[in-house]
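This report refers to the structure that appears directly beneath it.
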Protein chains: 2
Amino acid sequence: MPNDPAVTQPTLRARRLHLHSQHQAVVVMRTDCHVCRSEGLAARSQVLLSNGERHVQATLFQVEGDSLLALDEAGLSETAWDLLGITEGEAITVSHPPAISSLASVRRRIYGNRLDAQAFSAIVGDVVAGRYTDVHLAAFLTASAALPLNEGETADLTDAMVKVGDHLRWDAPIVVDKHCVGGLPGNRTTPIVVAIVAANGLVMPKTSSRAITSPAGTADTMETLAPVDLDMAKLRRVVEAEGGCVAWGGAVHLSPADDIFVRVERELDVDTEGQLIASVLSKKIAAGSTHVVIDIPVGPTAKVRSGEAADHLADRMSAVAARFGLSATCLQTDGAQPVGRGIGPALEAFDVLAVLQNAPDAPDDLRQRAALLAGAALEIGGKAEQGRGTVMALETLSSGKAWTKFEAICRAQGGLRAPPKASSVHALVAPSAGRVVHIDNRKVARLAKLAGAPEAKAAGVHMEVRLGATIDRGQPLLHVHAETASELSYALDYASRAGDIVKVEP
Amino acid sequence: MPNDPAVTQPTLRARRLHLHSQHQAVVVMRTDCHVCRSEGLAARSQVLLSNGERHVQATLFQVEGDSLLALDEAGLSETAWDLLGITEGEAITVSHPPAISSLASVRRRIYGNRLDAQAFSAIVGDVVAGRYTDVHLAAFLTASAALPLNEGETADLTDAMVKVGDHLRWDAPIVVDKHCVGGLPGNRTTPIVVAIVAANGLVMPKTSSRAITSPAGTADTMETLAPVDLDMAKLRRVVEAEGGCVAWGGAVHLSPADDIFVRVERELDVDTEGQLIASVLSKKIAAGSTHVVIDIPVGPTAKVRSGEAADHLADRMSAVAARFGLSATCLQTDGAQPVGRGIGPALEAFDVLAVLQNAPDAPDDLRQRAALLAGAALEIGGKAEQGRGTVMALETLSSGKAWTKFEAICRAQGGLRAPPKASSVHALVAPSAGRVVHIDNRKVARLAKLAGAPEAKAAGVHMEVRLGATIDRGQPLLHVHAETASELSYALDYASRAGDIVKVEP
């Protein structure tokens with residue numbers, strides 16, 4: 001095997017650095033090691049790591065001196081370590097990676113040529129294999145924004161993203177799902193919708209994400225109520241027993257390409273319709289859904305800012321979904337204000353519980369919104385007549401059936417539990433009497449994160465006022481919840497210098 | 001100062017990691033440190049480092065456990081360390097970086113809008129300040145390729161790149177320069193051109209780069225003959241004394257933005273005319289040149305592949321240069337074959353010396369090529385009549401005046417020295433008699449690098465045949481030069497499995 005690198009190339013001993021680099025495989029080598037010298041490797045170049053069985057492409061950093069590594073050691077990040085699946089001290093080779101042929105398609109796309117299904121398949125395959133650097137990923141996404149993906153390309157990209165991930169299949173003829181395009185703070189309808197829909201006999205295997213930049217994701221909130229870290233087999237058992245689940249999507253890999261694209265899109269702050277549709281639909285198709293309700297909040301600070309943009313997105317979404325036999329129903333909703341009162345995993349869970357348990361102080365906006373989405377699911381799932389879904393959903397809530405179903409789902413996922421409460425709570429009060437004219441969602445979210453959310457489950461913000469409310473001087477505008485005194489003081493310090501978080505005018 | 005992060009934020013102790021990451025500022029922090037927790041920092045996010053005086057944006061990696069860092073330490077890469085200018089153990093703060101407002105212009109450019117001078121200026125300023133990640137850089141460069149920069153945008157980008165760098169100014173009314181678009185192996189004309197031009201009384205302050213992916217850059221080759229690491233003051237003294245220099249551009253910062261763009265363009269393998277022109281001209285303008293000769297090699301494996309492409313590039317280059325009062329003369333040259341015999345710093349230096357010293361075995365292609373470029377410079381500099389420059393250049397060589405001038409320049413730069421010779425030399429011989437029909441430039445370059453070039457100055461490849469040569473069985477095709485036995489064996493190992501490097505047909 002004259003071309004086998006393991007035979008002809010010198011080896012290094014693998015050393016686990018316990019270094020976290022979010023999806024990026026990193027290797028650290030000595031500047032003066034024999035492999036760097038003989039291969040002519042420069043810092044920040046891409047290299048191919050191999051233990052003979054597996055190959056992983058990684059970004060090289062170099063270190064001088066022996067404080068971190070011995071001369072014959074290669075230090076690996078957690079991602080590199082996991083992908084190679086090796087043990088401490090095992091021999092690995094480090095060499096130049098092979099050329100990435102799908103980059104030719106990316107370059108063609110940059111220069112204005114449309115791509116076919118085969119090209120998207122090759123690109124997505126290389127992305128998931130970790131062969132694309134940030135530079136390559138950004139170029140592909142930018143090229144897809146400069147000349148927007150057309151319907152055929154969007155479908156081909158969606159198909160490629162589905163094919164590289166895991167798949168769920170269900171015996172039921174109808175499998176419903178829901179998705180919200182662009183999160184509003186506190187918009188935690190999912191657990192309520194799943195409970196209502198499953199209580200009415202439909203199948204709804206819902207997977208959700210954890211927060212990345214926000215104070216809470218649906219998985220973070222649900223985790224304060226029940227285990228969400230379900231593998232494929234466990235998820236299937238829950239859904240077969242109860243008709244629905246609210247699981248963390250990270251434990252099943254429905255669209256691994258999307259996890260990679262999303263990070264880069266966030267860094268670039270570029271949202272394209274084509275990528276958004278492929279992102280949403282690839283997960284729904286992989287999850288085996290037949291019908292999906294899409295919540296499109298529209299508002300000046302929401303992801304979708306006008307009714308026309310929402311209309312175009314809805315039309316394209318439905319058309320691409322139809323190519324995969326998936327029926328998509330898009331609902332435009334109010335995106336001007338946060339939803340409910342709690343912001344942070346446990347605080348949002350208390351809102352969810354209040355609605356499900358018909359508590360007198362349950363936030364009505366969350367209840368109405370969940371009923372609207374659940375109603376649409378009941379209608380497309382054939383459980384309610386057209387126009388009667390919302391009423392049926394509200395009845396399922398008020399009768400207690402939704403709460404009973406939710407309890408059963410939580411038990412099946414591993415047991416219902418009480419969300420934690422924060423040990424430190426501090427009120428921010430109105431400096432003067434007047435009317436609430438503005439709530440800065442961005443600052444509220446930042447305040448909740450500084451208080452410890454989502455890592456500290458009980459931490460976050462509890463809103464005490466809504467837009468338009470008339471208040472007295474000294475009345476609480478919101479409460480900051482924290483698990484430690486230092487996090488509380490850190491959040492309050494921010495509040496003292498952030499300017500108006502809740503703006504009150506006389 | 002309620003908004004001063006140093007006042008309100010907790011600090012970490014800076015620890016120098018001696019980590020090389022090529023222009024990228026990196027900070028490593030403990031996952032469980034108080035700053036990561038309170039700021040909600042995730043691995044691979046961008047953070048702002050500050051010691052109160054200076055601020056640097058860096059990419060965050062996180063590490064678990066105490067093997068690398070104490071809980072209150074932040075480990076810094078060399079780039080971060082140098083930019084902050086701190087000492088071991090000094091207190092620094094780590095916080096979220098401010099929003100980068102110029103990214104709005106990048107996004108506008110992605111969506112097809114042209115940018116004005118102010119936008120380019122803001123983008124380039126943020127790039128040089130290290131605020132752009134690879135994702136941002138790739139998006140900007142991709143957007144400039146998807147909708148190519150027009151002449152006005154190219155000029156505005158060039159201007160922005162000039163303004164963020166250092167500037168050289170000269171008393172002479174005419175200051176000439178040369179540049180080659182896309183290197184051919186062994187095409188080391190620069191030292192010869194500078195010697196000829198300066199010997200004829202023109203001012204030519206030449207700065208050159210080191211190799212990044214090739215076996216030698218002009219600065220690497222020149223360094224085997226004289227010191228090249230000249231700062232601004234020293235460079236000025238050399239040019240004022242001798243009329244010319246051959247210095248390393250890295251010690252003066254004529255176009256720091258270009259250094260950053262070039263790395264990303266290489267990774268993307270996208271060359272756009274606009275970026276190329278801005279790259280070349282920004283350095284020439286910053287260097288105070290009034291006239292520049294551009295060598296455009298045209299060939300099937302060169303950067304420019306057709307005469308039409310070369311014509312368009314030449315026209316645009318000249319037009320943009322004219323806006324800055326810079327006169328550009330573009331020459332299309334043969335890009336089908338390597339130039340000279342040596343490939344590697346010292347081996348190329350021996351070719352340069354042979355031409356300058358009129359050695360009987362001096363490579364004639366290198367001599368003719370240098371004379372053509374020097375001749376064009378003599379003509380535009382007013383020293384030779386139109387059409388007489390090449391002859392004048394050849395006379396300057398054969399009279400020994402070019403060699404005398406070159407010796408003087410080397411002395412002024414710190415002393416002429418003899419290039420090193422390799423201790424290990426090995427011939428690759430023809431397996432059969434026949435005719436040389438193909439030389440794989442890529443493989444030759446790779447062989448030279450594996451032998452140790454450019455770090456090992458004496459290492460590389462010496463070509464013994466040229467295309468079309470008739471050879472006997474067993475006749476040397478090339479010699480591999482190495483400084484150590486292990487590097488030699490590593491190169492020969494590659495040669496044994498690389499297939500035809502020099503192809504011989506009966």
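Keep in mind it's a predicted model, so treat the numbers as computed, not measured. In what follows, chains carry the letters A, B, and so on, assigned in the order in which the sequence lines appear, proteins first and then strands, with residues in each chain numbered from 1.
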Whatever's closer than 4.5 Å to a heavy atom in chain A on B:Gln46 counts as neither
Selection from B:Thr31, B:Thr142, B:Ile100 maximising heavy-atom pairs under 4.5 Å formed with chain A:
B:Thr142
From CZ (B:Arg266) to OG (A:Ser45), nearest 0.5 Å:
11.0 Å
So for B:Ser77, is it side chain, backbone, both, or neither that comes closer than 4.5 Å to the heavy atoms of chain A?
neither
B:Phe61 versus chain A, heavy atoms under 4.5 Å apart: side chain, backbone, both or neither?
both
Select, from B:Val63, B:Thr272, B:Val106, B:Leu17, the one with the greatest count of heavy-atom pairs under 4.5 Å involving chain A.
B:Val63
Backbone N or O of A:Leu268 within a donor-acceptor pair of the B:Arg107 side chain at under 3.5 Å?
yes
Determine the option with the most heavy-atom pairs under 4.5 angstrom with chain A, choosing from B:Val135, B:Thr484, B:Ile110, B:Val26.
B:Val135
Side chain, backbone, both or neither: which part of A:Glu64 has a heavy atom under 4.5 Å from chain B?
both
Is there a donor-acceptor pair under 3.5 Å between the side chain of B:His18 and the backbone N or O of A:Gln62?
no
Does the side chain of B:Glu267 come under 3.5 Å of the side chain of A:His136 through a donor N or O and an acceptor N or O?
no
If you look at every heavy atom in B:Ala139 and A:Ala138, which pair is closest and at what distance?
N-CB, 4.3 Å
Closest-packed option against chain B by number of heavy-atom pairs under 4.5 Å, given A:Leu137, A:Thr133, A:Thr59, A:Leu68
A:Thr133
Contact leader toward chain A among B:Glu78, B:His34, B:Arg263, where contacts are heavy-atom pairs under 4.5 Å:
B:Arg263
Where on B:Val28 is there a heavy atom nearer than 4.5 Å to chain A: the side chain, the backbone, both, or neither?
side chain
Side chain from CB out, backbone as N, CA, C, O: work out which of these in B:Arg109 comes under 4.5 Å of a heavy atom of chain A, or both, or neither.
neither
To the nearest 0.5 Å, how far apart are CZ in A:Arg16 and OG in B:Ser67?
10.5 Å
A:Gln22 and B:Leu60, any side-chain heavy atoms less than 4.5 Å apart:
no
Please examine the side chains of A:Val270 and B:Tyr111, heavy atoms only from C-beta on, and report whether any two atoms are closer than 4.5 Å.
yes
Side-chain touch A:Arg44/B:His20, heavy atoms, less than 4.5 angstrom:
no
